[in-house]
Amino acid sequence: MRASRPDLEPDPTLSRKEMETLQREIADAAVFEDRFEFDPETLSNPLEAAVSGREPPTVVGVDQSFLTNEAGEQDRALSAVVATRGGEVIERVHAVTPLESPYIPGLLSFREGRPILAALETLSVEPDLLLFDGSGRIHFRQAGIATHMGVVLDVPSVGVAKSLLCGTPRESIENLPAGACVPIEANSRVGVTDGTLLGYAVQTRQYDSPDRHINPLYVSPGHRVGPETAANAVLELASSYKLPEPVRLADAYADEAKRDLGC
DNA sequence: GCGACAG
DNA sequence: ATCTTGTCGC
């Protein structure tokens, strides 16, 4: 698949100031509400799809690993993409590209965006929904990597982060029961009116015993998906593990492909 | 000036 | 992200 807005692609050579300006453009172009054709009830349930007479949507997970050179420094990114439909893997692709930018909190898409787009260009199926490891709207300028990629490709996307970049949970997120969702609202660190709903802390799994507990995921709209749909999609797609299946599979594939290259 | 900060 | 053993719980 190709970019529908190549002018908004993350350019690693931009100055920090220019990157932030581009992110505000991305946020302006982003749609943080449902605007897609597929039936969200059929995301991972083939039976629902059969009953509704529609084929399940193609959900694609994206993750990265990094390769080291002889000197022991990270010099390349490996982007892994796993496409699923009705709970089954239908295609896997990956791409290795040179690293062009360091990791800077808030500017992740300028480090990982190009590699991701390179991998997605080799994907033959058309994604109905893209899942990224990282934030979407939960971002200083409402333009996390899921939002940036979703806007550039104009495909519905969701951000799935393991820790909270910014924003404030409306209530305690300690030891939530499986299935629970707690709103994450904008605070003074986010460039939008305080209290704006940015996403949800989503508890996909939880231990039974009260001894130790699992932390929630932080789910936010990337593009063309509202916060409720994003949270429900992640709950729907997380069958047996904390991470939604497409992301978990992409995570494993990123490591597998890395090993096959000898680290 | 100080603190905070996805992967 | 990555470097890594043991350890707790089902």
Side-chain angles (χ1 to χ4, degrees), chain A residues 10 12 16 19-20 23 26-27 61-69 71-81 94 96-116 119 130-150 157-169 173 175 178 184 186-191 198-202 205-222 230 234 240-244 247-248 250-259 261-263:
Chain A
R16 184 162 182 159
M19 289 180 177
E20 295 179 356
Q23 290 186 323
I26 294 291
V62 181
D63 193 27
Q64 318 251 77
S65 61
F66 296 88
L67 307 186
T68 292
N69 61 22
E73 305 151 332
Q74 290 184 346
D75 64 332
R76 289 156 293 161
L78 190 160
S79 297
V81 173
H94 72 271
V96 175
T97 60
L99 270 181
E100 303 173 287
S101 174
Y103 166 68
I104 300 173
L107 299 176
L108 182 65
S109 65
F110 292 90
R111 175 177 171 82
E112 306 188 347
R114 291 284 216 185
I116 288 171
L130 293 168
L131 262 44
F132 294 91
D133 61 317
S135 284
R137 195 182 187 183
I138 296 178
H139 179 275
F140 309 122
R141 291 164 293 279
Q142 302 183 84
I145 191 163
T147 302
H148 201 146
M149 297 296 96
S157 64
V158 168
V160 182
K162 294 180 285 295
S163 58
L164 191 58
L165 216 205
C166 57
T168 309
I173 54 171
N175 206 0
I184 303 295
N187 55 20
S188 60
R189 294 168 55 196
V190 182
L198 300 178
Y200 285 92
V202 177
R205 304 274 297 169
Q206 190 52 280
Y207 292 135
D208 295 321
S209 58
D211 295 334
R212 205 161 55 196
H213 61 85
I214 299 174
N215 295 134
L217 293 173
Y218 300 93
V219 180
S220 57
V234 167
S240 321
Y241 299 87
K242 171 173 175 173
L243 288 173
V247 174
R248 191 182 71 83
D251 191 90
Y253 182 41
D255 285 336
E256 176 188 332
K258 177 179 178 176
R259 290 200 320 272
L261 294 178
C263 252

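Each chain gets a letter, A, B and so on, in the order the sequences are listed, and its residues count up from 1. Keep in mind that what you see is a predicted model, and the values were worked out from it rather than measured.
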(request) Report the residues that fulfil side-chain contact (heavy atoms from CB on, under 4.5 Å) with A/E100, sequence neighbours left out, ordered by chain and then residue number. (result)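 Partners of A/E100 by the side-chain contact (heavy atoms from CB on, under 4.5 Å) criterion, ordered by chain and then number, come out as A/P12, A/R114.
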(request) Could you tell me which residues satisfy salt bridge (Lys or Arg N to Asp or Glu O under 4.0 Å) with A/R248, sequence neighbours excluded, listed by chain and number? (result)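 If we apply the salt bridge (Lys or Arg N to Asp or Glu O under 4.0 Å) test to A/R248, skipping adjacent residues, the hits are A/E245.
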(message) Going by the rule side-chain contact (heavy atoms from CB on, under 4.5 Å), which residues pair with A/A257 if we only count those two or more places apart in sequence or in a different chain?
(response)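 Expected list: A/L78, A/H94, A/Y253.
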(message) Taking only side-chain N and O atoms of A/K258, does any of them lie within less than 4.0 angstrom of OP1 or OP2 on C/dT2?
(response)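 Looking at the OP1 and OP2 atoms of C/dT2, one of them is under 4.0 Å from a side-chain N or O of A/K258.
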(message) What's A/S65 touching, base or sugar-phosphate or nothing? Going by heavy atoms closer than 4.0 Å.
(response)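 It contacts sugar-phosphate atoms only.
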(message) Please convert DNA chain C into dot-bracket. A pair counts if it is Watson-Crick or G-U wobble with both distances under 3.5 Å; crossing pairs go in [ ] and bases paired with another strand get |.
(response) ..........
(request) Could you list the residues that satisfy side chain to side chain donor-acceptor pair (under 3.5 Å) with A/N187, not counting sequence neighbours? (result)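 Once residues adjacent in sequence are excluded, the partners of A/N187 under the side chain to side chain donor-acceptor pair (under 3.5 Å) criterion are A/T168.
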(request) Keeping the roles fixed (side chain from A/S157, backbone from A/A146), state whether a donor-acceptor pair exists under 3.5 Å. (result) yes
(message) Any heavy-atom pair between the side chains of A/V234 and A/Y200 that's under 4.5 Å?
(response) no
(request) Using a 4.5 Å cut-off on heavy atoms from C-beta on, say whether the side chain of A/P169 contacts that of A/L164. (result)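 A/L164 reaches A/P169 side chain to side chain.
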(message) Going by side-chain contact (heavy atoms from CB on, under 4.5 Å), name the residues that satisfy it together with A/F140, two or more places apart in sequence or in a different chain.
(response)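 Testing A/F140 for side-chain contact (heavy atoms from CB on, under 4.5 Å), a comparison that skips the adjacent residues, returns A/L165, A/C166, A/R189.
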(message) Return a single string for nucleotides 1-7 of chain B, one symbol per nucleotide in 5' to 3' order, where B is base contact, S is sugar-phosphate-only contact and - is none, cutoff 4.0 angstrom on heavy atoms.
(response) ----BBB
(message) List the residues meeting side-chain contact (heavy atoms from CB on, under 4.5 Å) with A/L108, not counting sequence neighbours, and say none if there are none.
(response) A/Y103, A/E112, A/I145
(request) Would you please name every residue forming a ring-ring contact (aromatic ring centres under 6.0 Å, His included) with A/Y218, sequence neighbours left out? (result)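 With sequence neighbours excluded, A/Y218 shows a ring-ring contact (aromatic ring centres under 6.0 Å, His included) to no residue whatsoever.
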(request) Give a yes or no on whether A/N69 atom CG has more than 12 heavy-atom contacts from other residues, nucleotides or ligands under 6.0 Å away. (result) yes
I'd like a list of close polar pairs between nucleotides 8-10 of chain C and the protein, N/O only, cut-off under 3.5 Å.
{"from": "C/dG9", "atom 1": "OP1", "to": "A/D211", "atom 2": "OD2", "distance (Å)": "3.2"}
{"from": "C/dC10", "atom 1": "OP1", "to": "A/S209", "atom 2": "OG", "distance (Å)": "3.4"}

(request) Would you please name every residue forming a ring-ring contact (aromatic ring centres under 6.0 Å, His included) with A/H139, sequence neighbours left out? (result)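 Checked A/H139 against ring-ring contact (aromatic ring centres under 6.0 Å, His included); zero matches.
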(request) Return one dot-bracket line describing DNA chain B 5' to 3' (Watson-Crick or G-U wobble pairs, both distances under 3.5 Å; ( ) same strand, [ ] crossing, | another strand, . none). (result) .......
